[in-house]
Peer 1: 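Could you have a look at this structure, given as structure tokens, before my questions?
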Amino acid sequence: MSYDIDILVSTERNIPTPEELKAAINTMPMIEEGKPPKGYIWQLDYLNPDTSVTFAFRYQTPTNDLIQRRAWETGLQISIPTTCPTFVARESFPVVAQFAKKFQIWLYLPNGEVLEQCDASQLQRTWTDINRRTVNRVSNLPVHKQPFYFPQEKLDEMWRYLSSRPALLKRYSPLGVYVPRVMLLRNKLNKKKVYRAAMWADLDPSVIPDVDIFIINKPSKLTFGRFPGGEYTPVIVHRDLIDPIIEPFLRDATRPIPHKLIENTKTLKLQI
């Protein structure tokens with residue numbers, strides 16, 4: 001499922017060629033070649049490797065039809081995914097609005113509305129409405145086919161952290177402080193349970209994001225009850241089990257976003 005926007009130009013202009021459209025898209029950030037679905041000639045994807053937000057620019061041969069007697073189809077379509085977390089729209093639509101403004105194109109929305117000018121918040125409102133209606137419709141499907149639900153404020157916080165991760169890496173990598181990614185993991189036995197997870201395998205100095213579980217390395221044995229050894233196995237540990245142990249080591253920082261970190265883990269010991 002997706003929220004598809006057709007790209008139009010005024011009848012006072014010539015219809016851009018496929019090459020011109022492709023060149024225009026490639027001036028935008030984080031664009032790479034994609035695989036077009038059946039019926040489309042080419043596709044370029046916006047893909048943010050830090051937040052995993054992605055959407056597609058797709059091209060097919062345009063028709064000669066007039067849209068509301070004032071615009072031509074260009075053959076270009078922007079496809080924003082749905083059903084998905086709201087932060088996907090929050091990141092995608094500023095890029096779409098910037099693209100529309102820069103190249104003076106019009107947007108033909110799924111509800112039939114033609115926008116000669118737009119802003120990101122306006123586009124997000126229409127997407128949110130469709131996203132919400134889609135969620136309500138699929139809520140009647142069998143449990144294994146339903147999309148997972150996660151509190152929006154927690155997903156938004158995860159997105160803000162991931163958006164700021166490049167700045168955190170720039171700040172902490174020279175200091176040897178690990179900046180983990182945050183991912184969503186679904187419980188295999190109960191698919192309605194989803195956790196925000198971060199790797200903290202070796203318990204090195206690290207930024208500590210707001211997550212539900214950590215993935216750490218567990219040694220297969222202890223020598224004299226103290227010294228870990230043997231093969232290490234990744235295990236999942238809930239945040240509430242780790243918090244009492246790491247709390248004395250945490251330090252608050254405010255830039256580039258408010259966050260917590262542990263700078264010295266030499267004396268940090270987790271129970272095995």
Peer 1: Determine yes or no for a side-chain-to-main-chain donor-acceptor pair under 3.5 angstrom, with Ser173 supplying the side chain and Lys170 the backbone.
Peer 2: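 Between the backbone of Lys170 and the side chain of Ser173 there is no qualifying donor-acceptor contact (under 3.5 Å).
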Peer 1: Taking side-chain hydrogen bond (donor to acceptor under 3.5 Å, both in side chains) as the test, write out the residues that go with Glu116, two or more places apart.
Peer 2: Arg70
Peer 1: Please report the closest heavy-atom contact between Ala89 and Pro94, naming both atoms and the distance.
Peer 2: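 Minimum heavy-atom contact is O-CD, 4.0 Å.
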Peer 1: Is a donor from one side chain sitting under 3.5 angstrom from an acceptor on the other, for Ser121 and Asp119?
Peer 2: yes
Peer 1: Roughly how far, to the nearest 0.5 Å, is the CD1 atom of Ile130 from the CG atom of Asn111?
Peer 2: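 So the CG of Asn111 and the CD1 of Ile130 are separated by 6.5 Å.
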Peer 1: What residues, two or more places apart in sequence or in another chain, satisfy ring-ring contact (aromatic ring centres under 6.0 Å, His included) together with Tyr178?
Peer 2: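 Expected list: none.
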Peer 1: Examine distances only and state if a side-chain atom of Asn26 and a backbone atom of Ile31 form a donor-acceptor pair shorter than 3.5 Å.
Peer 2: no
Peer 1: Return yes if a side-chain donor-acceptor contact under 3.5 Å exists between Asp45 and Thr54, otherwise no.
Peer 2: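 Note: Asp45 and Thr54 side chains miss the donor-acceptor criterion.
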Peer 1: Among the clusters formed by ILVMFWY side chains lying less than 4.5 Å apart, do Trp72 and Ile67 turn up in the same one?
Peer 2: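 Trp72 does not cluster with Ile67.
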Peer 1: Side chains of Pro16 and Val9: does their closest heavy-atom pair fall under 4.5 Å?
Peer 2: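 In short, these two side chains touch, coming nearer than 4.5 Å.
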Peer 1: Tell me whether Asn264 contacts the main-chain N or O of Lys266 through its side chain, where contact means a donor paired with an acceptor under 3.5 Å.
Peer 2: yes
Peer 1: When you look at Leu47 and Val53, which way does the side-chain contact (heavy atoms from CB on, under 4.5 Å) test go after all the steps?
Peer 2: CA-CA 6 Å; Leu47 175 59; Val53 171; over 6 Å; no
Peer 1: Show the numbers, then the answer: is there a side-chain contact (heavy atoms from CB on, under 4.5 Å) between Arg58 and Ile41?
Peer 2: CA-CA 8 Å; Arg58 296 170 178 162; Ile41 299 173; over 6 Å; no
Peer 1: With heavy-atom distances below 4.5 Å as the criterion, would you say the side chains of Leu250 and Ile262 are in contact?
Peer 2: yes
Peer 1: Between Thr51 and Glu91, is any side-chain donor less than 3.5 angstrom from a side-chain acceptor?
Peer 2: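 A donor-acceptor contact under 3.5 Å links the two side chains.
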Peer 1: Indicate yes or no: at least one non-hydrogen side-chain atom of Leu155 is less than 4.5 angstrom from one of Leu184.
Peer 2: yes
Peer 1: Apply side-chain contact (heavy atoms from CB on, under 4.5 Å) to residues Ile5 and Tyr108 and explain how you reach the verdict.
Peer 2: CA-CA 6 Å; Ile5 303 171; Tyr108 189 24; 5.7 Å; no
Peer 1: Not counting sequence neighbours, list each pair that qualifies as a side-chain hydrogen bond (donor to acceptor under 3.5 Å, both in side chains) and has a residue in residues 236-247.
Peer 2: Arg239-Asp243
Peer 1: How long is the straight-line distance from CG of Leu66 back to CZ of Arg69, given to the nearest 0.5 Å?
Peer 2: 9.0 Å
Peer 1: Determine, step by step, whether Val177 and Leu168 satisfy the side-chain contact (heavy atoms from CB on, under 4.5 Å) criterion, reporting the C-alpha distance in whole Å, the side-chain angles of both residues, the deciding distance to 0.1 Å, and the verdict.
Peer 2: CA-CA 10 Å; Val177 176; Leu168 289 168; over 6 Å; no
Peer 1: Under a 4.0 Å N-O cut-off, is there an ion pair linking Arg125 with Asp129?
Peer 2: no
Peer 1: Any sub-3.5 Å donor-acceptor pair from Ser164's side-chain atoms to Ala167's backbone N or O?
Peer 2: no
Peer 1: Between the side chain of Thr74 and the main-chain N/O of Leu76, is any donor-acceptor distance below 3.5 Å?
Peer 2: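 Present.
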Peer 1: When clusters are formed by joining ILVMFWY residues with side-chain heavy atoms under 4.5 Å apart, either directly or through shared neighbours, do Leu8 and Ile15 land in the same one?
Peer 2: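 In one cluster with Leu8: Ile15, no.
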Peer 1: With no hydrogens and no angle check, just 3.5 Å: does a side-chain donor-acceptor pair link Ser2 and Ser79?
Peer 2: yes
Peer 1: Does Phe93 belong to the same Ile/Leu/Val/Met/Phe/Trp/Tyr cluster as Leu44, with side-chain heavy atoms less than 4.5 Å apart forming each link?
Peer 2: yes
Peer 1: To the nearest 0.5 angstrom, please state how far the CZ atom of Arg181 sits from the CE atom of Met183.
Peer 2: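 Rounded to the nearest 0.5 Å, the CZ-CE separation comes out at 8.5 Å.
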Peer 1: Is there a side-chain contact between Ile105 and Phe99 in this structure, where contact means two heavy atoms from C-beta onward sitting under 4.5 Å apart?
Peer 2: yes
Peer 1: May I ask you to check whether Tyr3 and Phe55 place their ring centers less than 6.0 Å from one another?
Peer 2: no
Peer 1: Is the closest side-chain heavy-atom distance between Phe103 and Gln98 below 4.5 Å?
Peer 2: no
Peer 1: OG1/Thr82 to CZ/Arg132 distance, rounded to the nearest 0.5 angstrom?
Peer 2: 11.0 Å
Peer 1: Between Ile7 and Leu115, is there a shared hydrophobic cluster once you connect ILVMFWY residues whose side-chain heavy atoms come closer than 4.5 Å?
Peer 2: yes
Peer 1: Does the pair Lys154/Glu157 count as a salt bridge with the N-to-O cut at 4.0 Å?
Peer 2: no
Peer 1: Would you kindly confirm whether Trp106 and Ile80 end up in one hydrophobic cluster when ILVMFWY residues are joined by side chain heavy atoms under 4.5 Å apart?
Peer 2: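 The answer is no; the residues belong to distinct hydrophobic clusters.
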Peer 1: Hey, does the side chain of Arg196 reach the backbone of Asp210 with a donor-acceptor pair shorter than 3.5 angstrom?
Peer 2: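 Looks like yes, one N/O pair under 3.5 Å.
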Peer 1: Are Arg251 and Lys260 side-chain neighbours, meaning at least one heavy-atom pair lies under 4.5 Å?
Peer 2: no
Peer 1: Pairs in or reaching into residues 25-43: which pass salt bridge (Lys or Arg N to Asp or Glu O under 4.0 Å), with residues at least two apart or in two chains?
Peer 2: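 Sorted pair list: Lys22-Glu33.
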Peer 1: To the nearest 0.5 Å, what is the distance between CD on Glu20 and CG on Asn14?
Peer 2: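 Reported to 0.5 Å precision, the distance equals 8.5 Å.
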Peer 1: Working to the nearest 0.5 Å, report the span between CD1 of Ile78 and CG of Leu123.
Peer 2: 9.0 Å
Peer 1: Which heavy-atom pair separates Pro234 from Ile215 by the least distance, and what is that distance?
Peer 2: CB-CG2, 4.1 Å
Peer 1: Does the Gln117 side chain pair with the main chain of Gln104, one donor and one acceptor, at a distance under 3.5 Å?
Peer 2: no
Peer 1: May I ask you to check whether Gln77 and Tyr40 show a side-chain donor-acceptor distance below 3.5 Å?
Peer 2: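 Note: Gln77 and Tyr40 side chains meet the donor-acceptor criterion.
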Peer 1: Got a sec, which residues hit ring-ring contact (aromatic ring centres under 6.0 Å, His included) with Tyr161, two or more places apart in sequence or on another chain?
Peer 2: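 Not a single residue meets the ring-ring contact (aromatic ring centres under 6.0 Å, His included) criterion with Tyr161.
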Peer 1: State which residues pass side-chain hydrogen bond (donor to acceptor under 3.5 Å, both in side chains) with Glu73; sequence neighbours excluded, sorted by chain then number.
Peer 2: Thr63
Peer 1: Do Leu107 and Val114 make a side-chain contact, defined as non-hydrogen atoms from C-beta onward lying under 4.5 Å apart?
Peer 2: no
Peer 1: Using modelled atom types only, decide if a donor and an acceptor are shared between the side chain of Ser10 and the backbone of Ala71 within a distance under 3.5 Å.
Peer 2: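 Flag not set: sc Ser10 to bb Ala71 has no pair under 3.5 Å.
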Peer 1: May I ask you to test the His259-Asp252 pair for a side-chain heavy-atom distance under 4.5 Å?
Peer 2: no
Peer 1: Using the six-membered ring wherever Trp is involved, compare the ring planes of Trp159 and Phe87 and label them parallel, tilted or perpendicular (cut-offs 30° and 60°).
Peer 2: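 Because their plane-to-plane angle is under 30°, the rings of Trp159 and Phe87 count as parallel.
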Peer 1: Around Glu12, counting heavy atoms of other residues, nucleotides and ligands shown, do more than 12 lie under 6.0 Å from its CD?
Peer 2: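 Check fails, neighbour count at 12 or below.
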Peer 1: Identify the heavy atoms of Pro180 and Met199 that sit nearest to each other, and give their distance.
Peer 2: CB-O, 3.5 Å
Peer 1: Between Tyr59 and Trp42, what is the ring plane arrangement, given parallel below 30°, perpendicular above 60°, and tilted in between?
Peer 2: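 Answer is parallel, since the angle falls under 30°.
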